[in-house]
Q: 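The structure that follows is given in the form of structure tokens.
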Amino acid sequence: MVKHYIIWKMNEGLTEEQKAKAKLDIKTALEGLVGKIDGLEKMEIKTECFEASAGDIMMDSEFSSKEALEAYQVNPLHVDVATNIVRPNVEIRLSFDYEE
């Protein structure tokens with residue numbers, strides 16, 4: 001099992017209302033990929049965090065293998081979400097991957 005975590009910081013230029021909508025859009029789109037991409041076992045997007053958190057939104061996902069994670073990263077469904085929903089709304093992205 002491969003764990004894949006992402007922490008994003010939302011664009012500072014967004015209003016609170018725009019940030020809330022973007023977070024919901026990101027959550028809905030990414031969680032909707034489960035069952036559509038082989039090897040993607042779990043996808044949870046956390047949008048509520050403590051004020052002291054360094055990021056605004058976090059992805060907690062699991063893949064069946066390192067190869068499944070690599071395939072996910074170039075899968076057209078994921079690329080579409082990343083390009084059209086995630087990237088326009090975030091300015092910082094940190095990732096952390098490991099195998100259990």
Side-chain angles (χ1 to χ4, degrees):
M1 183 71 58
V2 170
K3 300 282 198 163
H4 176 59
Y5 296 100
I6 304 287
I7 295 176
W8 291 286
K9 183 79 174 158
M10 303 300 289
N11 284 335
E12 289 299 319
L14 298 175
T15 66
E16 290 305 312
E17 182 177 293
Q18 290 170 322
K19 285 180 185 179
K21 180 183 181 327
K23 287 179 180 183
L24 181 59
D25 291 347
I26 290 168
K27 178 178 177 62
T28 302
L30 286 173
E31 289 180 351
L33 296 176
V34 175
K36 296 179 181 175
I37 298 178
D38 290 340
L40 173 57
E41 305 291 330
K42 172 187 158 190
M43 175 71 70
E44 290 183 21
I45 306 300
K46 306 295 185 184
T47 60
E48 301 298 323
C49 59
F50 295 136
E51 192 173 312
S53 296
D56 297 309
I57 187 169
M58 184 190 88
M59 180 175 77
D60 174 0
S61 57
E62 293 179 1
F63 293 82
S64 58
S65 66
K66 183 179 178 192
E67 294 77 20
L69 172 58
E70 291 168 351
Y72 160 82
Q73 291 172 333
V74 296
N75 182 290
L77 295 173
H78 168 254
V79 170
D80 180 56
V81 170
T83 301
N84 297 306
I85 299 173
V86 177
R87 288 188 192 117
N89 293 295
V90 302
E91 60 185 38
I92 297 172
R93 175 190 179 275
L94 299 172
S95 66
F96 190 91
D97 305 322
Y98 68 96
E99 190 164 19
E100 287 192 328

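Throughout, residue positions are numbered sequentially from 1 according to the sequence presented. Since this is a predicted model, take the numbers as computed values, not measurements.
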Q: Which pair of heavy atoms, one from Asn84 and one from Asp80, lies closest together, and at what distance?
A: ND2-OD1, 2.6 Å
Q: Please identify each residue that fulfils salt bridge (charged side-chain N to carboxylate O under 4.0 Å, His left out) with Lys23, with sequence neighbours left out.
A: none
Q: What distance separates Gln73 CD from Asp97 CG, expressed to the nearest 0.5 Å?
A: 6.5 Å
Q: Tell me who clusters with Tyr98, hydrophobic residues only, linked when side chains sit under 4.5 Å apart either directly or through other members.
A: Tyr5, Phe96
Q: Measuring from Met1:CE to Glu100:CD, what's the distance to the nearest 0.5 Å?
A: 7.5 Å
Q: Going by the salt bridge (charged side-chain N to carboxylate O under 4.0 Å, His left out) test, which pairs reach into residues 50-59, not counting sequence neighbours?
A: Lys9-Asp56
Q: Is it possible for you to say whether Val34 and Leu77 belong to one hydrophobic cluster, with membership spreading through side-chain heavy-atom contacts below 4.5 Å?
A: yes
Q: List in chain and number order the residues that pass side chain to side chain contact (heavy atoms under 4.5 Å, CB included) with Arg87, two or more places apart in sequence or in another chain; answer none if no residue qualifies.
A: Ala82, Thr83
Q: Determine the minimum heavy-atom distance between Leu69 and Val2, stating which atoms define it.
A: CD2-CG1, 4.0 Å
Q: Under the salt bridge (charged side-chain N to carboxylate O under 4.0 Å, His left out) test against Asp60, which residue among Lys42, Lys3, Lys46 passes?
A: Lys42
Q: Under a 3.5 Å distance rule, please check whether Asn11 uses its side chain to pair with a backbone N or O of Gly13 as donor and acceptor.
A: no
Q: How far apart are the closest heavy atoms of Val90 and Met10, and which atoms are they?
A: CG1-SD, 4.0 Å
Q: Just verifying a value: how many Å separate Ile57 CD1 and Ile7 CD1, rounded to the nearest 0.5 Å?
A: 11.0 Å
Q: Would you check if Val86 and Val81 make a side-chain contact, meaning some heavy-atom pair closer than 4.5 Å?
A: yes
Q: What's the spacing between Trp8 CH2 and Glu91 CD if we round to 0.5 Å?
A: 14.5 Å
Q: Return the set of residues passing side chain to side chain donor-acceptor pair (under 3.5 Å) with Lys66 (not counting sequence neighbours), or none when no residue passes.
A: none
Q: Just how far is it from atom NE2 of His4 to atom CD of Glu41, taken to the nearest 0.5 Å?
A: 14.5 Å
Q: Ignoring hydrogens, what is the shortest heavy-atom contact between Gly39 and Ala68? Give both atom names and the distance.
A: CA-CB, 3.8 Å
Q: If hydrophobic clusters are built from ILVMFWY residues whose side chains come within less than 4.5 Å, do Leu33 and Met58 share one?
A: no
Q: Looking at CG of Leu40 and CG of Asn75, how far apart are the two atoms once the value is rounded to the nearest 0.5 Å?
A: 9.5 Å
Q: Quick one: does Glu70's side chain get under 4.5 Å of Phe63's, heavy atoms only?
A: no
Q: Per the side chain to side chain donor-acceptor pair (under 3.5 Å) rule, what does the pair list look like for residues 25-40, sequence neighbours excluded?
A: Lys21-Asp25, Lys27-Glu31
